[in-house]
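Here, residue 1 is the first one in the sequence, and each next residue gets the next number.
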Amino acid sequence: MNSTIPGPESLLPLVFPSDPQVSPDGTRAAFVLTRIEEEDPRKPDAAHAKPRYKSQIWLADAQGTRVLTRGEGRDGSPRWSPDGQTLAFTRRVGEGAQLHLLPLSGGEAQVVTRFRNGVSDLQWSPDGQYVAFMTTADDEDKRDERGEARVITKPRYRFNGRDWLPERAARLYRLHVPSGELTEWHAPEVELGGVTWLPDSSGVLFIAATDELSGAHWQQEVWHLPLDGTPRQVTQWKSAISAVIPHPDGQRFVLVGRPAGQGNTEHTHLYLLPLTGDAAPVRLDAGHDHPVGNGVGGDCHVGAMPDKPAWLDDRTLLFSSTVRGSCGLFTATLAADGQSGSVQAHTHDPQGVIPAFTARGGGLALIRERADQFPEVILNGQPVTDLHANLPFPARTPVRVAFPTELGEGEGWVLLPDGTDPVPAILSIHGGPHTDYGHTFTHEFQLYAARGQAVCYSNPRGSLGYGQAWVDAIHGRWGSVDADDLLAFFDACLDTHPRLDRTRTAVMGGSYGGFMTNWLTAHTTRFHAAITDRSICNLLSFGGTSDIGLRFWDDELGLNFHRRADTLKLWDMSPLQYVENVRTPTLIVHSVLDHRCPIEQAEQWYAALTLHGVPVRFVRFPGEDHELSRSGRPDRRLTRLTEYLNWLDRHLAPSTAPAETVTA
């Protein structure tokens, strides 16, 4: 192969920005840059490269942009003290990320914790006296190592990205900064998150379920924990909550979550509630038919992407929202009567995505990207990084392609290679299903185009960004109108771009996109190759093995595997029922520690394709989970891309014979 054609190694020079944190006075920003380099550059292994992520904290101010920490592992979670004089951060060398305090006036970082398991979720109190954080401290589980039996009594015992959940939930600690004293503040019975200090530093709010079973059903509540006292349940929400933001008056707070009592298919919204009393919640984003937060996926988001709403004043809340294929910043303004709100665009590029932001002191730090522009850190409207310059090949700009639906026009994009020659066409399907393709920079898509392959990607019904009705359209009927939309979009791409070679087509996707890849190849033979990644093929077994299986099908389909009356319906929506129709050569990619879409799904699909004589290759990744393609270990990401490219090159070569176009 021509050496000028880029390959998987084009991932290596990229530098990924994350966790932009604006200073209290709004004039500076601390952020994280993650690079890929050899595990120990001083002792390279010529026979076996070990590329790994390394990260440092950088500072942008009036003097420019410069590196702030020089750890040899992964430095992250920069958090400003209220006076702007100290930066708390974590440094991971080995297993645990430890809390450090760095005086910005000069001097070395002070190591504060030495817990076996490290710390996370750093939060300064507004008066600067405390830093709260979460940790499982020195807990150790050697049951597997010792060959002991593992007794399961909780509904959730494994979780994607974490493997076995600990017997004891992480505890909330606080550091008294002046004295250096560490105190275990709260030891919860169930996991908690979203810890946020009240404005007067008298305590915190946090998010937790009332019990393990409620947590497994994504039913969470907001709790109030004073400095000296016990937690008090504040809400009766019984639905997923992603963040809590105290109002500046300390008497109210905003809950970011799905409507009370509602499930996974509902948009996330903003609700204002009292800290005490039983006044009805006020929805601040009423009339804004788009979800709060970023739902546009990409593969260059390595590290934390904060998007927690922030009060600009006592009536104006800044938040991010997914609108079609974009994500921008909006303001929800509370009316004078305190009973309603209105939404206005604040910083929104319809052709761009803001996956992360923080706002304080009149300042705004964010990450911004476009489909043809690598993510950059922006401080108060000015770029403070030039990471796009690290791209090893020119970025191409996708072209929008529309398709008709019963709910109105759908949209997608095609990323074309340079030139005028005919090129293979790849239909890529996003996961979720309630996520979004759009205007993020996607290295993988750019790589295909740089190698002469066109990528077609869209947002069929079920995707975020197009209104609640668009999401609801596939409730209870996966593999119906969503499949119609995907094929209608792909046909529109082929019709509007004659360069796309109808005799060299492929379909691919991950998670729900893997489900749809399996579904389409079981219902049509039009594609010449398929790649199914972290997929689902059997809805029945998924329900009992996935870390979200207890609730997921109830929310998505109104069905569940443990009810006899539902089992035939779930089987009817399972690609495995139709596997004998598959003729498309299929590459199966899956991670051993994927507990979201367990590897048993891939194993079933592989066995069935093998029995039916379909050309199939199964690639299993140890030590990886559902996030391999986005933030997996670099060497494994390279292997995954190599497998993808080899499969496409093999089956989409110009000599490939046309496939049948009849439906099964």
Side-chain angles (χ1 to χ4, degrees), residues 11-23 28-44 50-81 84-113 118-122 124 131 133 300-306 355-358 365-369 374-379 382-391 443 630-635 637:
L11 181 74
L12 297 177
L14 303 184
V15 178
F16 307 99
S18 64
D19 214 350
Q21 296 289 328
V22 69
S23 62
R28 298 171 289 169
F31 55 92
V32 178
L33 293 184
T34 300
R35 65 199 184 281
I36 301 173
E37 66 176 41
E38 192 63 20
E39 186 172 43
D40 187 348
R42 294 161 298 191
K43 298 179 181 179
K50 297 180 180 179
R52 299 292 187 268
Y53 294 121
K54 305 288 182 68
S55 57
Q56 297 171 317
I57 297 171
W58 288 63
L59 177 68
D61 58 17
Q63 282 70 52
T65 302
R66 61 190 184 277
V67 64
L68 198 59
T69 67
R70 298 184 181 275
E72 296 187 1
R74 299 194 70 171
D75 294 349
S77 303
R79 299 294 182 266
W80 296 89
S81 63
Q85 299 302 305
T86 305
L87 198 71
F89 70 97
T90 60
R91 170 166 291 167
R92 177 186 295 272
V93 180
E95 290 301 314
Q98 304 298 338
L99 169 61
H100 290 61
L101 296 179
L102 177 66
L104 295 177
S105 58
E108 295 296 320
Q110 172 194 358
V111 184
V112 177
T113 64
V119 305
S120 64
D121 303 317
L122 311 183
W124 282 91
V131 176
F133 59 88
C300 294
H301 299 164
V302 178
M305 292 289 159
F357 81 96
T358 57
L366 55 86
I367 293 174
R368 175 180 290 150
E369 63 187 307
F374 195 80
E376 305 285 1
V377 180
I378 312 294
L379 174 60
Q382 298 299 314
V384 296
T385 59
D386 185 19
L387 305 175
H388 190 85
N390 294 316
L391 292 180
H443 166 262
R630 296 177 280 253
S631 58
R633 207 172 77 180
D635 56 336
R637 289 182 70 175

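- Not one N or O on the side chain of Gln21 forms a donor-acceptor pair closer than 3.5 Å with the backbone of Ala29.
- In this structure, the side chains of Arg368 and Pro355 stay at 4.5 Å or more apart for every pair of heavy atoms.
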Note to self: Pair Thr34, Val15 - check side-chain contact (heavy atoms from CB on, under 4.5 Å), show working.
What the structure shows: CA-CA 6 Å; Thr34 300; Val15 178; over 6 Å; no
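- A distance of 5.0 Å separates OG of Ser55 from CZ of Arg74, quoted to the nearest 0.5 Å.
- Trp58 places no side-chain N or O within donor-acceptor distance of the main-chain N or O of Ala30, the cut-off being under 3.5 Å.
- Put simply, the side chain of Leu59 does not reach to within 4.5 Å of the side chain of Leu87, judged on heavy atoms.
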Next item on the list: Any chance you could lay out the side chain to side chain donor-acceptor pair (under 3.5 Å) test for Thr113 and Gln98, step after step, and finish with the verdict?
Entry: CA-CA 6 Å; Thr113 64; Gln98 304 298 338; 2.7 Å; yes
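- At a threshold of 4.5 Å between non-hydrogen side-chain atoms, the residues Ile367 and Phe357 do not count as touching.
- Salt bridge absent: Arg79 and Asp121 never bring a charged side-chain N and a carboxylate O closer than 4.0 Å.
- In this structure, Phe16 and Arg35 have side chains that are not in contact, with every pair of non-hydrogen atoms separated by 4.5 Å or more.
- A 6.0 Å sphere centred on CD of Glu72 holds no more than 12 heavy atoms belonging to other residues, nucleotides or ligands.
- Taking every heavy atom of both residues into account, Arg630 and Arg637 meet most closely at O-NH1, 3.1 Å.
- Contact record, Leu104 with Gly84: CD1-O, 3.5 Å, taken as the closest heavy-atom pair.
- Contact check for Pro634 versus Tyr53: side-chain heavy atoms found under the 4.5 Å cut-off.
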Margin query: side-chain contact (heavy atoms from CB on, under 4.5 Å) for Thr90 and Val119? Distances and angles first, verdict last.
Written below: CA-CA 8 Å; Thr90 60; Val119 305; 4.1 Å; yes
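- Closest approach of Pro78 and Val32 over heavy atoms only: CD-CG2, 3.7 Å.
- Scanning both residues, Pro17 and Met305, for their nearest heavy atoms gives O-CE, 3.2 Å.
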Checklist line | side chain to side chain donor-acceptor pair (under 3.5 Å) between His100 and Glu108, worked out | finding: CA-CA 10 Å; His100 290 61; Glu108 295 296 320; over 6 Å; no
Note to self: For a side-chain contact (heavy atoms from CB on, under 4.5 Å) check, start with the C-alpha distance between Phe374 and Leu14, then their side-chain angles and the critical distance, and finish with the verdict.
What the structure shows: CA-CA 9 Å; Phe374 195 80; Leu14 303 184; 4.1 Å; yes
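- Val67 has its side chain within reach of Gln56: a pair of non-hydrogen atoms, C-beta onward, lies under 4.5 Å apart.
- Rounded to the nearest 0.5 angstrom, Leu68 CG and Leu33 CG are separated by 11.5 Å.
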Next item on the list: Go through Phe31 and Val377 one step at a time and tell me if the side-chain contact (heavy atoms from CB on, under 4.5 Å) criterion holds.
Entry: CA-CA 8 Å; Phe31 55 92; Val377 180; 3.8 Å; yes
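- Here the closest heavy-atom approach between residue Ala60 and residue Thr65 is recorded as CB-OG1, 3.8 Å.
- Smallest separation of non-hydrogen atoms from Ile57 and Gly76: CD1-O, 3.9 Å.
- At a threshold of 4.5 Å between non-hydrogen side-chain atoms, the residues Arg91 and Leu102 do not count as touching.
- Within the 4.5 Å cutoff, no side-chain heavy atoms of Lys50 are placed close to those of Asp635.
- Judged by distance alone, with hydrogens and angles left aside, the side-chain atoms of Ser18 form no donor-acceptor pair with the main-chain N or O of Gly303 at under 3.5 Å.
- The distance from atom CZ of Phe133 to atom OG of Ser77, rounded to the nearest 0.5 Å, is 12.5 Å.
- Contacts of His388 classified as ring-ring contact (aromatic ring centres under 6.0 Å, His included), with partners at least two apart in sequence or in another chain: none.
- Rounding to the nearest 0.5 Å places CD1 of Ile378 at 6.5 Å from OG1 of Thr385.
- Between Ser105 atom OG and Gln85 atom CD the span is 6.5 Å, to the nearest 0.5 Å.
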Checklist line | CA sep, side-chain torsions, deciding dist, call: Asp75, Thr69, side chain to side chain donor-acceptor pair (under 3.5 Å) | finding: CA-CA 7 Å; Asp75 294 349; Thr69 67; 2.8 Å; yes
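- Note that CG of Leu99 and OG of Ser120 are 11.0 Å apart. Values are rounded to the nearest 0.5 Å.
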